[in-house]
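Chain letters run A, B, ... following the sequence lines, proteins first and then strands; every chain starts at 1.
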Amino acid sequence: MKVTDLPIPEPLKKSYTTKGIEALYPPQEEAVRRGIFEGKNLLCAIPTASGKTIVAEMAMHRQVADGGKCLYIVPLRALATEKYDDFSGKGLSVGVATGDLDRRDAYLGRNDIVVATSEKVDSLLRNRAPWLAEITLLVVDECHLIGSEDRGATLEMVIAKLRHKNPEMQVIALSATVGNPGALAGWLDAELVTSEWRPVDLREGVYWQGAVHFEDHTRAVPAVSKDNDLNLCLDTVAEGGQCLVFVNSRRNAEAFAKRAASKLKLSDPTLDAAAERIEQGATTELGRTLARCVKGGAAFHHAGLAAAERREVEDGFRTGAIKVISSTPTLAAGLNLPARRVIVRDYLRFGQNGMARIPVGEYKQMAGRAGRPHLDPYGEAVLIAKRESDSEDLFETYIDALPEEVHSQCNAENALRSHILSLVATGFARSRTEVLGFMETTFYAYEHQGRRSTIQETVERVIDDLIAAEMVDELDEWLEGTEYGTLVSRLYIDPRTAEAVVDALRLRPAYADVGVLELLCETPDMLTLFLRKDDYEVVDRFLAERRDDLWTGVPYGYDDLEGFFQSVKTAMLLLNWAEEVTDEMICERFNVGPGDIHNKVETAVWLIHATSRLAHLFAPDLEKPIAELEIRVKHGIKRELLPLIRLRGIGRVRARRLFNAGLVTPEDLRTAGVGRLTPILGEKTAARVVAQAGGKVDEVPEPESVDDEPLAEGPGEHQTSLSAFGGTENE
DNA sequence: GATCATCCTCTCTAGACAGCATGTC
DNA sequence: CTAGAGAGGATGATC
């Protein structure tokens, strides 16, 4: 099937042909034959990198040509950006909507294609974005995530809500290969396309004692060092390929990259330049270690890295300069970064019940990263056997195994609570009957049809709970969200979080930063830090001083103590951040990376915001100090910098510099004038700041677009002296 | 006496979605 | 239902 013969708009054809895409891959042809251009629903369950995106893209262009509008749902922000770049510049207008990309969603609904994360779509539904009713084609990328325990229910509910809203809408679901594609397709009323076809040959094997054993042949691996994992890796590099190594902890990822770099010892100006950039931008030991690895041609990748460091690693690998990445699962499900050889070194991962095997589906996802189309002659995925008996076992349990089945997670009470609240609060369902009726349209109901299911009881119980929590009112048979419940739904927080916050607020506690932060760290919306052995003592010391400021009680039972200590530790990190402790110091104290600080801060800011909104309803006198804390945590500043942080172009570093120079308010800046501020801020920012503060400047410079993000400034050089781990608040 | 190989013990453990209000041809 | 890598210390061997 030739691209030129397809019923798709000219600009798209052109973009394909200029990229050398002349004909469709077999699974893509199949999708066309099954009627994607005739508006048929489709479930495409095929391996990674076999061209799923193009199937959806062609259908989207067809839809828009017929006057439609498309929504493309992805599971990750990074993927949203990747797809946005992918779809842009081919004749259609494209928008992105994720929690952190807020600038571009101003006219979101005007775009032909909107790319969004599932939670963002859910949030838009809850906040009643009108354009969602105009969607004529819904694309669900990574649709198998419906089965994910933590986020699957959200995806399922979003799909169900959108289909309910737009019954005529076409649905195209893209999925990895799963055990029960028929069930998913049945639920979606979709044609099913499955295939094992790949554009690059994939060979899966197991390494044992000096050789990789494939199904039909064996390939010896030269023993360059005493480490098997490293030998496998160097073998591929020697052959001119790149290598992706999946390990089960950050420490392992870092250790492997160090070993690989010291063996590779590449000398390449591109690598030197990248290492230099990382070194310059590094504020922590982690960054400096990464720079040293990159210089030698290897890198590690995990969520502790700063955003810029991550990008440097990904770009370096994409251009081919970096030969090896050792990674935690960040890269398994994330960006498209193929390599000639994928090594799955650790197939055990530490979970709630000790070490457990990773699922087959996850192995397949990692293995699928092997082989760069047009660049590698083949791809190799290699598991490492730790003992002889593993060797055969790994073939059976991973290589030849069928991926797991996907099952609805909508029966989980915690997930239901949040989603049923949103159904009622947005008016999707106005009675118990309507709620149950809606639940009948879910994948859960489809899977359990004809069988006795307990979901009705759960739904009834959840509704009772929501009524008891005063989030939902029941008048006669009608259900309605209360002002409180509607707010909770729109804030997108877990009802349990809201309840914990409101319970605390109703006690009219004296305001304390620790009180708010520790309370939020105890909620299910905040993931807490891991507790190390030495932490107990430090947290204990902190508590001895500050326990009276806490908004929650210290648990009596020994059982709850660990969770409580984890929350306190996490709150201590946030407190340090808002006390202007440097990144370096925080990373060292809490054993985290800059990326972790960013993540914790981002979540905290969202929850503090929600708390201030709830305070508006339940404890108005606390609203202002909480809103103030929100700004402080957002920017990582002490209270005294609040007046300065409001100016654009001033972040935590510059504000601190100004303050230490005796310039404390915008008024001070106006009086000081550009001349005096220039040595502190540089000429451009000085002029800009004075202009904002109301002073006279001959020439007001254009605001620099990139310079607006204060968090990008890095840590302050101002170091507060802190007596304890936690520091003191509000001096 | 400095340096390195080897063994033993102790410690620690992946990831990352979400608020909001705004306003133009 | 609970594993194993890495770090760091102790010991002993080697020059």
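- A donor and an acceptor atom, one from each side chain of S225(A) and N231(A), are located under 3.5 Å apart.
- Using a 4.0 Å heavy-atom distance criterion, R259(A) is classed as a sugar-phosphate-only contact.
- Residue R387(A) has a polar side-chain atom (N or O) positioned under 4.0 Å from OP1 or OP2 of dG4(C).
- Between R110(A) and the phosphate of dC25(B), there is no side-chain N or O to OP1/OP2 separation shorter than 4.0 Å.
- Closest to the side chain of R151(A), from the set dA5(C), dG19(B), dA16(B), is dA16(B).
- Comparing the same atom, C1', in dT11(B) and in dT2(C) gives a spacing of 16 Å after rounding to whole Å.
- Classified by interplanar angle (parallel below 30°, tilted 30° to 60°, perpendicular above 60°), the ring pair Y484(A)/F618(A) is perpendicular.
- Look at S123(A) and you won't find any side-chain N or O under 4.0 angstrom from OP1 or OP2 of dC17(B).
- OP1 or OP2 of dA3(C) has not a single side-chain nitrogen or oxygen of K386(A) nearer than 4.0 Å.
- Side chains of H419(A) and T154(A): a donor on one and an acceptor on the other come within 3.5 Å.
- Look at R251(A) and E254(A) and you find no salt bridge, because none of the NZ, NE, NH1 or NH2 atoms lies under 4.0 Å from a carboxylate O.
- Going from atom CG of L517(A) over to atom CE of M526(A) covers 8.0 Å, rounded to the nearest 0.5 Å.
- Under the 4.0 Å criterion applied to side-chain N and carboxylate O atoms, D494(A) and R496(A) are assigned as salt-bridge partners.
- Going from the P atom of dA18(B) to that of dC1(C) covers 38 Å, rounded to whole Å.
- Checking dC20(B), dC1(C), dG19(B) against the side-chain heavy atoms of N353(A) singles out dC1(C) as nearest.
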Under 4.0 Å protein heavy-atom contacts per nucleotide of nucleotides 9-14 of chain B, with B for base, S for backbone only and - for none: --SSBB
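- Using a 4.0 Å heavy-atom criterion, one finds that N127(A) contacts the sugar-phosphate atoms exclusively.
- Judged by atom type and distance alone, E630(A) reaches the base of dG19(B) through a side-chain donor-acceptor pair under 3.5 Å.
- Ion pairing between a basic and an acidic side chain is recognised when a charged N comes within 4.0 Å of a carboxylate O; D227(A) and R259(A) show such pairing.
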